Amino acid sequence: MKLLLKNAILFDGKTIHSGKTDVLVQDGIVVEVGEVLHADSPDIVHDLTGLILSPGFIDLHCHLRDPGQEWREDLITGSRAGAAGGFSTLVCMPNTDPPVDNAALVRYILEKGEECEGARVLPSGCISKDRNGKTLAEMGKMALAGAVLFTDDGSPVVDSNLLRLALQYSSKLGSRIMEHPEDRSLTNGAQVNDGICSTFSGLKGWPTSAEASDIFRGASLSLDTGVPIHFTHVSAAESISAVRMAKASGCPVTCDVTPHHLCLDENMVIESGYDSVFKVNPPLRSVFDSDALWQGIIDGTVDAIATDHAPYHLDEKDLPFQESSFGIASLECACAAVISEWERRQEPCSLERLLSLFTSGPASILPRKWEELGSISPGRSADLTVINLSLMRVVDVDKWKSKARLSPWDGRELRGWPVMTVVGGKVVCSQLDESGVGE
Amino acid sequence: MEWKHRHVLDLDTWQKPELLHILEQARSMDEFLDRPIKKVPALRGKLVVNLFFEASTRTRVSFELAEKFLSADVVNWSVSGSSVGKGETLRDTAWTLEAMGADAVVIRHGAVGAADYLARKLKKSVVFNGGDGAHAHPTQALLDLYTAWKNIGSLEGKKIALIGDVLHSRVARSDIIAFSRMGSRVVLSGPATLMPKRVEALGAMYEGDPRAAVSDADIIYLLRIQRERQEQGMFPSLDEYHQFYGANSELLQHAKHNALVMHPGPINRGVEIASDVADGSQSMILGQVRSGVALRMALLYVCLGGVRQ
């Protein structure tokens, strides 16, 4: 299959090329990148004038609920939602039912993922058997089967000795340890940020110290073992400082932030009348915290943006705030939400920096064989995302491919949407005709 | 004045003129409570549903009396136990209420945000929050305001000391907002482990020493201490609590000599309040109960009845 993309503004994973660039894709590979390319009888040609052509977006952290919780989402709807959101690769979390703590389930996800005709789905595996935080899971077999990360996400690894063992044991497997940073003894029953929101609402506060302290601990273990550790959904200023300090002292730590922590804050919980669409773990924080996350993006502390897409059935989410489940669904509007916020903040970082957080940044956290997904260059797998920075659209969750029907962005007008997603040379989602640019 | 609040969910957006308006209406309702025939046709033909998910005799009866004195048709719907996983969801209950044609719903629920949630779901009914988790109890705060205002007049510049478990108290949150909007100085005291993080944002300041907190106070407001909090390790013992923060005659000496002593009830004698203080001449506790009916009548009237043609 030959796909010719012409006149694009090319972002290759690192820099935005000046002028217009063409990219030729054949049999799943990027064959040529150049100013004016010609191809013999291409199957599809798109004129991408005015549009950005980027490596396909990679989401390091999303919950696809499959196996076992398919009333919330499954690999098919999740992978299609990802594609609709401009993601060519999704790393799905292993806190399913049963949890992904063995090679058989890793293979299940890879096989079913291939049938989805959406984003590429890469499985992550649990750090501990049965996600129980007590003993190591068979990380060797899982890595061999294709698990790209190990995490007990949903939960931190409470036992420091187990985390240390996990770091040591996994060090040669190529797949990193991802820690959900939370000290459970400080967050028992907590539902909102410990600050303005907890004060006004009467809900128990989730202090930022619960997140930062876990990061300090993990960073120290990482330095001790010499093995990289990745902290996910970092939400607080204090935590960004902890990551910054750790990096400065030579700890091999990395971190990601979510679109909701970049774009939303605790005041919205109050102003919305405690609408449960704003309920999430870790909670929406103060404006001071979200400002610090953006600062972390500017100075390189933040390595990636990961959605932590957490879909629920209406019966689990459409409830009074205190009773509702924790989680925000965002795959299909994450890109536009972040770009809109970036514009609202008057472009605090370069567009290249922003796009790298969706592409080369997350790719660098994955095992070496997948790193090429974060860039566009001849010989590499053709995973691509086309973005229309000026397209404005109102988010309508009823039209979503995801099973989720509640999201904090529902009804909001956002700007900067993905308009085409390509996975391994195959167009899995395209709205190019809609925006006026077509074959 | 033109009333602009549709529901009564919390007092966050209420300003002083609106609070005063309700207090003045409550005063007229109060006078009427002494009449031999306690019936006003203001809400005749209106259906009010009291939807109580938490057991509460005091508040429910107070609302029920107010509704009946205003001639409304009243349905009491008590749901024991959590709504989650048992029987109807609040969403389904909302649709049922709408189908029943309820003009107003008074809801008390254990979950923060329940009243807001119901208000979002109901297109026609007016929602009154009778208490949602630890978040808000606007009618309690209003009746507290009314009791204080009735007895000491203008609250501008007066000092009110709130002592106890503010962290878990919806009454405290609503009272802090209400009294500070009226221009009072609100000082909180109690163990630091039982204080919210950002009380100044609500309109109060924290004073660790209760004697300093009540110094020259016009009102001392005591909050209930729940045994679970001690069991959760938030303070070492009830005895230690009472020694430092219990309202006894010694503590009262630091306040103004005719300071009002208030409590939302039910009281824990010997814990947050000594018996002789609870039953003493400065205690407004029973007065608050009477104020409750008058205030709720005023609120229902303003939000639902108003001027009839």
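A quick note: this is a predicted structure, and the numbers were derived from the prediction, not measured. Below, chain A is the first sequence line, B the second, and so on; all start at residue 1.
- Options Pro196(B), Gly110(B), Ala111(B) differ in how many heavy-atom pairs under 4.5 Å they form with chain A, and the most are formed by Ala111(B).
- For an aromatic pair to be called close, the ring centres must be under 6.0 Å apart, and Tyr274(A) with His135(B) satisfies this.
- Ranked by heavy-atom pairs under 4.5 Å with chain A, the first of Arg170(B), Lys121(B), Met195(B), His168(B) is Lys121(B).
- Cys263(A) pairs by the side chain to side chain contact (heavy atoms under 4.5 Å, CB included) definition with Ala337(A), Glu341(A), Trp409(A), not counting sequence neighbours.
- Neither the backbone nor the side chain of Ser324(A) comes within contact range of chain B, judged by heavy atoms closer than 4.5 Å.
- Atom CG of Asn188(A) has 12 or fewer neighbouring heavy atoms from other residues, nucleotides or ligands inside a 6.0 Å radius.
- Note on Ile196(A), Asp315(A), Ile270(A): by heavy-atom pairs under 4.5 Å with chain B, the leading option is Ile196(A).
- Heavy atoms closer than 4.5 Å to chain A are found nowhere in Asp132(B), neither backbone nor side chain.
- For Arg173(B), the part lying near chain A is the side chain, with the backbone staying farther off; criterion is any non-hydrogen pair under 4.5 Å.
- With salt bridges taken as basic N to acidic carboxylate O contacts below 4.0 Å, one links Glu179(A) and Arg217(A).
- His61(A) and His63(A) have their aromatic ring centers within a separation under 6.0 angstrom.
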